[in-house]
Amino acid sequence: LCLAEARRKKLGILGASPEEISFISKLYYPLWAVPWEDSCLIEDGLGILSYTVVYMKLPDVKLFVEDIERSTTVRELYRNTLKSHAQTFKDFVAAAQISMDSIVAKRELLSTILEYVNQVAPRNENATESLVSAPPKLNEEAVLEKAEKIIDHWRQIRSEIRSLEYAINILDEQTRFHEQKILREMEQIQEMYEGEILRIKPVVEKIVERLMTERDAKILKVVKGTERKLKALLKDRDGHERKLQRLERSRADFDKRRETRRRRGDKTGETYWNREVRRCQGQISEVQREIQEVSQLIEHTRKEGEVAVKTLYENYQTMIDRERKRILELEDSRDSVIELKTGEIKELRSEASSIINLIGQLLEQKRLHASKLQEVTIPWKPEEVSLIYVPFYLIRYKADAKSRYEVYTPVVAMGYEGILKKVQRTLRSFSLESRIKLLLRPRSRAFKETLASVFVQKMREDKAFEEVIYDMGCSNNLFNIPNFREMLGRGMEELKNEGWVSPEEKDAILNTYAPH
């Protein structure tokens, strides 16, 4: 009453009529709890709230599975089937929004309801208080029907998840079947070629061994001659490189000396060391040229040796190849067939893996959709469909022909001693509304921001609903209860004694709402 009075519009400076409080009524907002597995769905008994889900339609999984099963026995047909379905599961084929009327889905509100049920319901099991609830729009049958809609949607998604999992399993299974079949073919090919190679290999190997021995001896002779030449050239280049290092150290030293003279302002010394730097740089350039010439000669000698070795190798290789031709042809033919088979396995696995990955992405999204649906439940399971009544106070203000409503959701009274110690000196400078707000802490912001706001909005938009609530408020007006005056008197006295209201405010409220 103090908070309602504080928010009542008083006589304005423009002459607007002051408001009067028509009634203060304690009502209850009905919420349905519908058991689902080990939790429950919460539905708005007034049918105001709703939950919209986006349904993503899958490609035709059944057709895909049938195509895979039909092409199982023929590999080429199976490969063609995989190619034809390469993009089938790239994305969902369509999206549609499905409205789940009356389902409470806001996470903060669900958490608050669970907390409210756990804290308040056990204390009210044997309560005899008469509850005046806003008339539920939904009966138990309608509640079950709406709950079944979201449960059916969840079951459909679970069924789709199973179908995707089956598609992955059968695709992987059939791909492995064809892989094993190709591996067995590879084993048979290997055995056939190895038998033929073993028959002609011993004679060829003797001739090849003799040719290789001659080749290696001649190559070794060329290599040793080249190495001797390179060793001399490398030694010459090392000498030039050491000379270059000495000259570079000298130039660095000359640079430091020139810099020292420059900082000291010694123009003569700076000019001298400039000449030395240039002279040293000239020597460096000359040595670098000599190094380059030697390096080019080294490279030429190395290439010359390589060409000689290569020529020897190629000449002998031609003779060896003539001997090995029969074996090599068999080996090449064998390897070519094996390579084709191996490539076929890789392509088969790649094509199947690509489709499996695409299906897996859709599968993960479907699992996410299913988990989001289960997130609209709370971990509390009543034995049967039950009503949860959330109390609130409805205030009606009236001025002339206009009226407005305010809703106060459940609050917790704070310990006044701790608050008074902190703000006792300045408490009286606060407005009455500010003082009462210090005393009363809302139990839940979600109740206020969701249930209270949609309730008031419903009254603004639905005149028939407002009339029903108006009648309930009038018949359940706290001003009309038999012991209202005594209760108000005791309460205001306690507030005055604790320092929340002044004696003048106490007397004004009592004279207005509980006059003698």
Side-chain angles (χ1 to χ4, degrees), residues 186-187 189-253 255 277-347 350:
M186 291 170 63
E187 290 176 359
I189 292 169
Q190 185 82 17
E191 290 174 359
M192 181 187 71
Y193 276 98
E194 288 299 325
E196 183 65 15
I197 290 171
L198 287 173
R199 187 179 66 82
I200 64 174
K201 190 173 183 180
V203 175
V204 172
E205 284 183 347
K206 288 182 179 180
I207 299 173
V208 168
E209 184 178 355
R210 177 178 58 79
L211 291 172
M212 290 176 66
T213 301
E214 292 177 5
R215 179 199 64 189
D216 292 344
K218 291 181 180 180
I219 288 176
L220 180 60
K221 184 177 180 180
V222 172
V223 169
K224 288 183 177 180
T226 302
E227 286 179 348
R228 285 195 298 272
K229 294 178 182 178
L230 288 174
K231 185 175 181 182
L233 291 171
L234 289 170
K235 183 177 180 181
D236 187 27
R237 187 175 64 180
D238 289 343
H240 288 306
E241 288 178 345
R242 287 194 295 273
K243 183 178 179 181
L244 177 62
Q245 291 173 359
R246 290 195 299 272
L247 287 172
E248 287 177 341
R249 287 195 295 271
S250 296
R251 184 183 61 183
D253 181 56
D255 283 336
V277 169
R278 288 194 296 273
R279 180 182 62 79
C280 189
Q281 184 60 48
Q283 292 175 345
I284 288 173
S285 299
E286 177 63 23
V287 173
Q288 288 175 337
R289 183 187 61 77
E290 292 173 351
I291 291 174
Q292 185 177 5
E293 290 177 353
V294 175
S295 296
Q296 290 174 351
L297 185 56
I298 289 172
E299 185 64 23
H300 174 74
T301 302
R302 181 180 290 113
K303 287 183 178 179
E304 189 178 56
E306 290 174 353
V307 169
V309 169
K310 182 179 179 182
T311 301
L312 276 171
Y313 187 87
E314 288 176 350
N315 291 337
Y316 272 91
Q317 193 63 42
T318 300
M319 292 184 284
I320 291 172
D321 288 345
R322 282 198 300 266
E323 297 301 325
R324 283 183 168 172
K325 187 174 183 180
R326 290 176 294 171
I327 295 177
L328 290 176
E329 285 178 350
L330 288 172
E331 290 177 342
D332 288 344
S333 179
R334 177 201 62 195
D335 294 343
S336 177
V337 175
I338 294 297
E339 185 177 355
L340 287 174
K341 295 293 182 181
T342 303
E344 190 175 357
I345 290 177
K346 291 180 179 178
E347 290 177 5
S350 176

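For the numbers below, each heavy atom of this structure counts, side chains included, while hydrogens, waters and symmetry mates do not.
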### Task
Would you indicate whether R326, at its atom CZ, is surrounded by more than 12 heavy atoms from other residues, nucleotides or ligands within a distance under 6.0 Å?
no
### Message
Between E299 and R302, does the salt bridge (charged side-chain N to carboxylate O under 4.0 Å, His left out) criterion hold? Intermediate values first, please.
### Response
CA-CA 5 Å; E299 185 64 23; R302 181 180 290 113; 3.2 Å; yes
### Message
Quick one: does any side-chain atom of S350 pair with a main-chain N or O of K346 as donor and acceptor, under 3.5 Å?
### Response
no
### Query
Is there a side chain to side chain contact (heavy atoms under 4.5 Å, CB included) between D236 and L297 once you walk through the steps?
CA-CA 11 Å; D236 187 27; L297 185 56; over 6 Å; no
### Query
How long is the gap from CD1 on I298 to NZ on K303, to the nearest 0.5 Å?
13.0 Å
### Query
Measuring from L211:CG to D216:CG, what's the distance to the nearest 0.5 Å?
10.5 Å
#### Entry: Atom pair CE/CD of M186 and E344 - distance to nearest 0.5 Å
10.0 Å
### Query
What heavy-atom pair brings E331 and I197 nearest, and what distance separates the two atoms?
CG-CD1, 3.6 Å
### Task
Check step by step if side chain to side chain contact (heavy atoms under 4.5 Å, CB included) holds for K231 and E227.
CA-CA 6 Å; K231 185 175 181 182; E227 286 179 348; over 6 Å; no
### Query
Ion pair present between K201 and E205, side-chain N to carboxylate O less than 4.0 angstrom?
yes
#### Entry: Partner set under side-chain hydrogen bond (donor to acceptor under 3.5 Å, both in side chains) for D238, not counting sequence neighbours
none
### Summary
Taken to the nearest 0.5 Å, the spacing of E187 CD from E191 CD works out to 7.0 Å
### Task
Verify, without hydrogens or angle tests, whether S250 (side chain) and R246 (backbone) share a donor-acceptor contact under 3.5 angstrom.
yes
## Note on the structure
Interatomic distance, OG1@T213 vs CZ@R210, rounded to 0.5 Å, equals 9.0 Å
Donor-acceptor contacts under 3.5 Å from residues 312-320 side chains, at least two apart:
| from | atom 1 | to | atom 2 | distance (Å) |
| --- | --- | --- | --- | --- |
| Y313 | OH | Q317 | OE1 | 3.3 |
| N315 | ND2 | T311 | O | 3.2 |
| Y316 | OH | E214 | OE1 | 3.3 |
| Y316 | OH | K218 | NZ | 3.0 |
| Q317 | NE2 | D321 | OD1 | 2.8 |
| T318 | OG1 | E314 | O | 2.8 |

### Query
So which heavy atom on C280 is nearest to which on L247, and how close?
SG-O, 3.2 Å
### Message
Given R334, which partner from the list E339, E194, E196 fulfils the side chain to side chain donor-acceptor pair (under 3.5 Å) test?
### Response
E194
### Task
Report the distance from atom CZ of R279 to atom CD1 of I284, rounding to the nearest 0.5 Å.
10.0 Å
### Message
For a quick test of reading the model, state the closest non-hydrogen atom pair linking T226 to T301 and the distance between them.
### Response
CG2-O, 3.8 Å
### Message
For a quick test of reading the model, state the closest non-hydrogen atom pair linking V294 to H240 and the distance between them.
### Response
CG2-CD2, 4.1 Å
### Task
List the atom of I219, the atom of V309, and the distance in Å for their closest heavy-atom pair.
CG2-CG1, 3.8 Å
### Task
Give the C-alpha distance, both sets of side-chain angles, the deciding distance and a yes or no for salt bridge (charged side-chain N to carboxylate O under 4.0 Å, His left out) between R289 and E293.
CA-CA 6 Å; R289 183 187 61 77; E293 290 177 353; 2.5 Å; yes
